[in-house]
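Notes for the one structure printed next.
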2 protein chains.
Amino acid sequence: MAQEVYHHTFANGLTLLAERMEHVRSAALNFLVPAGCVHDPQGQLGTASLLAEMITRGAGARDSRELSLALDGLGLDRDESVGPMHIRFWGATLARNLPAALEIYADILRRPHLPADDLDAVQALALQDLQGLEDEPRQKVFLELRRRHFPAPLGRDRRGTPEGIEAVTLESLRAQHARLFQPRGTILSVAGNVEWGPLRDQVGRLFDDWKARDQAPLALERPVGGQAHLPKETEQTQIVIAYPSVPFGHTDYYAAQGAVHVLSGGMGARLFTEVREKRGLCYSVSASYQTFKEVAAIICYAGTRSERAQETLDVTLQELLRLQDGVEQEEVERVQAGLKSSLIMQEESTSARAGALASDWYYLGRVRSLDEIQAAVQALSPQRIVEHLRRFPPRDFTVVTLGPKPLQLRPEVNGKVTAAAG
Amino acid sequence: MAQEVYHHTFANGLTLLAERMEHVRSAALNFLVPAGCVHDPQGQLGTASLLAEMITRGAGARDSRELSLALDGLGLDRDESVGPMHIRFWGATLARNLPAALEIYADILRRPHLPADDLDAVQALALQDLQGLEDEPRQKVFLELRRRHFPAPLGRDRRGTPEGIEAVTLESLRAQHARLFQPRGTILSVAGNVEWGPLRDQVGRLFDDWKARDQAPLALERPVGGQAHLPKETEQTQIVIAYPSVPFGHTDYYAAQGAVHVLSGGMGARLFTEVREKRGLCYSVSASYQTFKEVAAIICYAGTRSERAQETLDVTLQELLRLQDGVEQEEVERVQAGLKSSLIMQEESTSARAGALASDWYYLGRVRSLDEIQAAVQALSPQRIVEHLRRFPPRDFTVVTLGPKPLQLRPEVNGKVTAAAG
């Protein structure tokens, strides 16, 4: 199947991307609005999350109830989520309902009511969400890792702080909306059974009088890094480890993906085999890649019973360091097969394609074709992965644990941990 | 698109189902083997989970490592999971790799090595999985609810007990495999770009000399029911409520689905609106339907800060009871739009279709066409839903809470809770 991908950037900066998938009946849409929690005012951490919750409570000519019914009436499966950089609006439904959905989203993005009466309830929800974290040790340890490892404000949690949430007022929410909801940097991607011409015309009509604003560039702080332990009387000890990798778009990007998939993903992956299968050290162990435009990291996780936590940490770190000693051809073939197969799966899902279009555009300013990705995966080899690992060896680790007892780093690793800056 | 669904039951009882989706390149497979945890021997609870973990550690001519590499080398995204009734083997990959995957699954199901050397590690993992529950209050409260609400052994947790896991021996695992892994009651469903003739021939060749065995019918105990509180010093109080519904296949099934979707799913749903949006009582609130062949239940969940837990419980129960007073036309239209849209999404996913084929066959002994489901959804009306609710009003509640303090049931509800049997 040849891919049909379209792109238009309107004069005000809004980017529209579309992929026509003519054999499906659905369509998915994905708005990335550059209003993520990195933009929360310092004394009002949690603003983006409050805004994402308030913004669907009435917009344009519809009050909150009418808006809910209108969206549900289109059969729209939908979600609003707050990331560091963006508030994301995702929806999927029958392709024939897409134009009606876009009309409503234009109201939500541009003409939300942000009703005063709802603010108390929304703040109460946000406080609950934050408080619920205390009962989720796994999430908690990940948040602390991101906070320490990434240069602030990139590692910020969308949930904010109790003081921040309480300090938000209706006026500050409105100001945040006016400042950040704007076409420059906003990406709308659509995938499914759509016609490009009518789609572009409709989006133009809905959005081309939306006013652009300048946005101040983000100032990044030096990461905290280091090793930290969060004491808690849990049954299991949670371990997370991060180290720098190359960002999406870097020439080493595919080699970095190859390396992380040698470690994790599939039964034959090293962490699964060495930590879980052979030693039975922990039920869950994994590594994943997380990127920003400026920086990226490999993040490893293991949750284990406390008496085996030290051994789990040691073995996991040893596997990370051992990677640069060499990778087998059969491991690369395993990784290639998995990546190619997941590419085919993605190609068949309107939501996955809409997400990939927007993500490619945000990071690269263009959309990669499936052929291009396939060729890059095909070009992976043990040598390329090992050369990448020698250029970017695992070091500058940030290590966070949560459980009854702190863990020790072995001497050969200790020197590779960043000195904690704060 | 006309659906192309095929079915063949082999002489030994194995059922093969397939749906041809010619516009995709992937295929998904789904084995349901009637070896779920309801069959765990009483002194060895956890057996099915141990077996599911052991069964991929070498099979046929391949040792554990070779098997991992062979499956990963096919680009197979896969998972083995243990439910009450079945062990499920799911996989998805390129359609052209499906025959090779089926060859390997025939080894796994029929000729697993169950290697003695791995048992200690597998038992250690199972104990960790069980122990990890203590740090997951939400999962914990659901498990206790299912245990109390469903007639034993249906409500059993796959994780078993520490004593049960430790009591399992290699001999007992082998006996369990020999007893339960058999063609009678096993369903293999496949969806994707597959050809029926060659598929049926291959499955016949791989499985038609598999010997059928009788299986004793399951004896169900009287449910425990009642109200229970699990004391724990958590930040949030977890609340779960169950009440009986009609099983999948019952003439009231679609009306029951309609009722649960009036309560939950979409912004306009009653629990979301009343409990979360208007009152800000809790971040998460939902209702879902769970079925066995014999019995089914609606299960509601809310997680909330402890000082608002009593109000959350009261409001949630009130919404459940209020449903039989009437349902609006616009609520039914909302539900219909959502159900139709999710049907279209399912139609485009090989994994979703493979899952639906197997599930329909297990519960109904036939596969429903998408047209049939669509017509049934279209026939929903306020009157049908309310009549269903009057025939099957919410009562015989089981209520389980977890948190620092127990909650009270209001008098009008208290009479509707089953007397705890144990």
Side-chain angles (χ1 to χ4, degrees), chain A residues 23-26 56-57 64-65 67-69 71-77 92-94 97 118 120-125 127-129 131-132 134-135 137-138 234-236 266-268 273 276-283 303-305 330 333-334 337-338 340-342 344-345 347-350, chain B residues 23-26 56-57 64-65 68-69 71-77 92-94 97 118 120-125 127-129 131-132 134-135 137-138 234-236 266-269 273 276-283 303-305 330 333-334 337-338 340-342 344-345 347-350:
Chain A
H23 293 301
V24 302
R25 290 205 276 170
S26 72
T56 53
R57 296 183 175 220
S64 187
R65 177 81 193 152
L67 189 68
S68 299
L69 285 174
L71 289 168
D72 287 356
L74 296 172
L76 201 71
D77 189 13
T93 183
L94 300 187
N97 290 343
D118 285 40
D120 281 353
V122 167
Q123 283 171 315
L125 284 180
L127 288 170
Q128 297 233 27
D129 187 23
Q131 189 188 38
E134 297 308 313
D135 298 333
R138 182 171 172 156
T234 50
E235 291 294 317
Q236 297 218 317
M267 269 166 86
T273 308
R276 184 185 195 280
E277 195 168 84
K278 283 196 197 157
R279 294 180 179 81
L281 282 170
C282 57
Y283 198 78
T304 181
R305 53 208 301 183
E330 68 176 19
E333 286 167 12
R334 191 187 70 70
K340 282 185 211 168
S341 166
S342 68
I344 299 296
M345 301 291 164
E347 183 192 273
E348 294 172 6
S349 157
T350 56
Chain B
H23 294 300
V24 301
R25 289 205 277 168
S26 72
T56 53
R57 297 184 174 222
S64 187
R65 178 81 191 149
S68 299
L69 285 174
L71 289 168
D72 287 355
L74 296 172
L76 201 70
D77 189 12
T93 184
L94 300 186
N97 291 343
D118 285 39
D120 281 353
V122 167
Q123 283 171 315
L125 284 179
L127 289 169
Q128 298 233 26
D129 187 22
Q131 189 187 38
E134 298 308 313
D135 298 333
R138 183 173 171 153
T234 50
E235 290 295 317
Q236 297 219 316
M267 270 166 86
T273 308
R276 184 185 194 280
E277 195 168 85
K278 284 196 196 157
R279 294 182 179 80
L281 282 171
C282 56
Y283 198 78
T304 181
R305 54 206 303 183
E330 67 177 17
E333 286 167 12
R334 191 188 69 69
K340 282 185 210 168
S341 166
S342 67
I344 299 296
M345 301 292 164
E347 182 192 84
E348 293 171 7
S349 157
T350 55

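Basis for what follows: all heavy atoms, side chains included, without hydrogens, waters or symmetry-related copies. Here is the naming used below: chain letters follow the sequence lines, and residue numbers restart at 1 for every chain.
- Summarising the geometry, atom OG1 belonging to A:Thr350 is positioned 11.5 Å from atom CD1 belonging to B:Ile344; distances are rounded to the nearest 0.5 Å.
- A donor-acceptor pair under 3.5 Å is formed between the side chain of A:Gln236 and the backbone N or O of B:Gln128.
- Your options are B:Arg65, B:Gln131, B:Glu134, and the one with the most heavy-atom pairs under 4.5 Å with chain A is B:Gln131.
- Within the 4.5 angstrom heavy-atom criterion, atoms from both the backbone and the side chain of B:Glu277 approach chain A.
- Between chain B and the options A:Lys278, A:Glu333, A:Glu330, A:Lys340, heavy-atom pairs under 4.5 Å are most frequent for A:Glu330.
- No donor-acceptor pair under 3.5 Å is formed between the side chain of B:Arg305 and the backbone N or O of A:Gly132.
- Qualifying side chain to side chain donor-acceptor pair (under 3.5 Å) partners for A:Arg276, counting only residues two or more places apart in sequence or in other chains: B:Glu53.
- Note on A:Ser349, A:Gly266, A:Gly75: by heavy-atom pairs under 4.5 Å with chain B, the leading option is A:Gly75.
- A:Leu94 contributes atom CG, which lies 6.5 Å from atom CE of B:Met345 (distance to the nearest 0.5 angstrom).
- Across all their heavy atoms, A:Asp72 and B:Gly268 have their closest contact at OD2-N, 2.8 Å.
- With a threshold of 4.5 angstrom between heavy atoms, B:Thr304 approaches chain A through its backbone and through its side chain.
- When the candidates A:Ser64, A:Ala124, A:Ser342, A:Cys282 are compared by the number of heavy-atom contacts under 4.5 Å with chain B, A:Cys282 comes out ahead.
- The two residues A:Ser341 and B:Ala92 make their nearest non-hydrogen contact at OG-O, 4.1 Å.
- Heavy atoms of B:Leu125 lying under 4.5 Å from chain A belong to its backbone as well as its side chain.
- Contact annotation for A:Thr273: only side-chain heavy atoms (C-beta onward) come within less than 4.5 Å of a heavy atom of chain B.
- Of the possible polar contacts, none joining the B:Glu235 side chain to the A:Asp135 backbone as a donor-acceptor pair under 3.5 Å is found.
- Of the listed residues (A:Thr93, A:Asn97, A:Asp120), the greatest number of heavy-atom pairs within a distance under 4.5 Å of chain B belongs to A:Thr93.
- A:Ser26 and B:Glu348 are linked by a side-chain donor-acceptor pair at a separation below 3.5 angstrom, with hydrogens and angles left out of the test.
- For the set B:Asp77, B:Leu281, B:Leu71, the entry with the most heavy-atom pairs within less than 4.5 Å of chain A is B:Leu281.
- B:Asp118 meets the salt bridge (Lys or Arg N to Asp or Glu O under 4.0 Å) test with B:Arg57; sequence neighbours excluded.
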